[in-house]
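What follows is a short report on a single structure.
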Amino acid sequence: MIYIFMSIEKPWTGRFTAPTDAFVEAFTASVSFDQRLYQYDIMGSIAHARMLAHVGVLTEPECTQIVEGLTEIEQEIKREAFEWSIALEDVHMNIESRLTQKIGAVGKKLHTGRSRNDQVATDIRLYLRDEIELIRSELTRLLTALADVAEREAETLMPGFTHLQSAQPTTFGHHLLAWSEMLLRDRLRLQDCRKRLNSMPLGAAALAGTSYPIDRHYAAELLGFESIAENSLDAVSDRDFAIEFTAAAAILMMHLSRFSEELILWSSAQFNFIELSDAFCTGSSIMPQKKNPDVPELVRGKTGRVYGHLTSLLTLMKSQPLAYNKDNQEDKEPLFDTVDTLKGSLRVFADMIPTLQVQRDQMRAAAQRGFSTATDLADYLVRKGVAFRDAHEIVGKAVRHCIDNGCELEALSLELFQEFSPQIEDDVYEILTLDGSINARNHIGGTAPRQVRAAVKRLRGRL
Ligand code: ARG
């Protein structure tokens, strides 16, 4: 991109007698980052010009000239042939100034009945509305990958954990579907956020509206807004939508960080439950044996910056008096970085999950250790008439015996079992198997393979 530093006429020279201090010019400029809004700025300006022509403030030929000029500017920017100037502060003034340069005096009429305050509030909403769509499609891609792997691994046994200690057997398919539930809630949060941000601030002008006979509904329809902001003061100052979006993004990243943490743990030699494909790992410059899970590690790390952006935006808006304040220019970088981080993290996960290699034997062997069917034994005793608390005590003693003797529950003889409880009979061994345990949890939300397959089907229906 090209920056011109020579002095350029600012739109407020009428009131000023001295030029802007050179450092202040650079300090207050936002063009280096808000140029990313150019398409939305042009879209908003075209709708504004059409609305002005519709109500007779501009003539049709004037409007046509403005629209054509703006369309050409859009192409110039796309081709990277546009000269951005810091002296012109932001994306809005850069484009407007170029318009006048191109089409002459008519260009100066575009800003009639408008302010950069309602202009920028409109631009960010248009931008975020599109970005939410892109993020939602990456999310859907990741959810689809989870559904596919969950279906494939519906019968894959693994230990389920609480406190990161072996708790009860589960299936890998069921575990994957826990992640998809989190992500489905994230998708709903984004959808909800999009609904609320789809309201048009344009027409609020600087803060109090405008004396021209504008037709806000007409402009809103052109821009695809579902409603128009009710109150002009609120319209130019509100950044709730950016905070809501970043909050939804922070929760989503929190989910991805949990997901990452498990992938990292599970790909270690100590767990060895999964292997990430080489395409998503890197080696070490010193240790030849290393294959590091960089992608999930980076996503886990990037979660922190999104939390930071949420705190930045909340703090930015705290105690701000109505209506627009220049503080609000600081909303963009945290918002843009949140969008980039979220989109990138989802994309890399959606690409990586289908390549997961599952070490089924290792998972099953790990589920076999750690007395993961102890609860099944207690439930068995309950079915034989023992009260649950007594059953818990009996099984606890049997586990203690196994720990002292270095064996698993299924290695105990029937005679020994009967010393712990005479209600135990030789059908107990069936109960102690992993397959018996998971198949028994055969209800909606349970881990039985049948239920996992049914849940995958429902998940696909929700996509
Ligand atoms: N660059 C400004 C922003 O991002 C645009 C609005 C400026 N308005 C003003 N009155 N200085 O918020």
Side-chain angles (χ1 to χ4, degrees), residues 149-178 181 262 266 270-274 358-459:
V149 184
E151 187 166 49
R152 195 183 75 204
E153 307 297 335
E155 312 223 354
T156 306
L157 276 153
M158 68 176 279
F161 301 93
T162 60
H163 312 268
L164 205 57
Q165 308 288 320
S166 263
Q168 291 173 355
T170 185
T171 57
F172 188 46
H174 194 54
H175 198 106
L176 291 162
L177 293 178
E181 284 304 310
E262 295 196 322
W266 292 353
Q270 288 68 26
F271 271 89
N272 195 21
F273 284 2
I274 55 163
V358 182
Q359 319 278 47
R360 296 187 183 138
D361 296 345
Q362 295 286 344
M363 278 196 183
R364 175 177 266 275
Q368 220 105 42
R369 297 187 297 269
F371 312 105
S372 62
T373 54
T375 313
D376 297 273
L377 179 55
D379 292 342
Y380 165 87
L381 286 169
V382 169
R383 285 196 296 276
K384 302 253 168 175
V386 181
F388 183 76
R389 277 290 154 231
D390 294 332
H392 188 288
E393 171 85 13
I394 291 165
V395 179
K397 285 187 173 142
V399 167
R400 182 72 250 168
H401 175 90
C402 291
I403 293 170
D404 293 343
N405 292 279
C407 66
E408 294 293 328
L409 282 169
E410 58 271 30
L412 301 184
S413 67
L414 187 57
E415 290 84 337
L416 198 49
F417 263 131
Q418 286 177 339
E419 276 178 37
F420 291 106
S421 168
Q423 273 86 352
I424 298 179
E425 294 167 81
D426 66 359
D427 56 353
V428 72
Y429 295 101
E430 168 62 27
I431 292 300
L432 293 175
T433 65
L434 296 175
D435 297 286
S437 173
I438 57 158
N439 284 318
R441 285 156 174 77
N442 188 21
H443 53 77
I444 288 193
T447 190
R450 269 194 59 206
Q451 294 297 336
V452 172
R453 287 199 190 91
V456 167
K457 213 172 189 180
R458 288 196 298 275
L459 169 59

To the closest 0.5 Å, what do you measure between [atom1] ([X]) and [atom2] ([Y])?
X	Y	atom1	atom2	result
S372	L434	OG	CG	5.5 Å
L177	R458	CG	CZ	9.0 Å
L412	Y429	CG	OH	7.0 Å
F273	H175	CZ	NE2	9.5 Å
L432	E410	CG	CD	6.0 Å
F417	I394	CZ	CD1	11.5 Å

Could you pull out the closest heavy-atom pair between [X] and [Y], with the gap in Å?
X	Y	value
A387	V382	C-CG2, 4.4 Å
A391	A378	CB-O, 3.6 Å
V456	A150	CG2-CB, 3.9 Å
A398	L409	CB-CD2, 4.0 Å

Quiz item: Do E153 and R360 sit within salt-bridge range, that is, some charged N less than 4.0 Å from a carboxylate O?
Solution: yes
Quiz item: Taking 4.0 angstrom as the limit, do D427 and K384 come out as a salt bridge?
Solution: yes
Atom pairs and distances, donor-acceptor, side-chain atoms in residues 361-371, under 3.5 Å, two or more places apart:
residue : atom : partner : partner atom : Å
R364    : NH2  : D435    : OD1          : 3.3
R364    : NH2  : D435    : OD2          : 3.1

Quick check: do [X] and [Y] have side-chain heavy atoms less than 4.5 Å from each other?
X	Y	result
F420	L416	yes
M158	H174	no
V399	V395	yes
P159	S166	yes
T447	Q168	no
E425	Y380	yes
F388	L381	no
R441	D376	yes

Quiz item: Considering residues, nucleotides and ligands other than I444, do more than 12 of their heavy atoms fall under 6.0 Å from its CD1?
Solution: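 No, not enclosed.
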Exercise. Taking atom CZ of R453 as the centre, report whether more than 12 heavy atoms of other residues, nucleotides or ligands fall under 6.0 Å from it.
Key: yes
Exercise. Take the angle between the ring planes of F161 and F271 and call it parallel below 30°, perpendicular above 60°, tilted in between.
Key: perpendicular
Quiz item: Can you list every pair that meets side-chain hydrogen bond (donor to acceptor under 3.5 Å, both in side chains) and has a residue in residues 386-402, with sequence neighbours left out?
Solution: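 Applying side-chain hydrogen bond (donor to acceptor under 3.5 Å, both in side chains) to every pair that reaches into residues 386-402, excluding sequence neighbours, yields E393-K397, R400-D404, H401-N405.
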Practice problem: Report yes or no: does T373 contribute a side-chain atom to a donor-acceptor pair with the main-chain N or O of T433 at less than 3.5 Å? | Solution: no
Quiz item: For Q451, which of T171, N442, N439 qualifies under side-chain hydrogen bond (donor to acceptor under 3.5 Å, both in side chains)?
Solution: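 Result for side-chain hydrogen bond (donor to acceptor under 3.5 Å, both in side chains) with Q451: N442.
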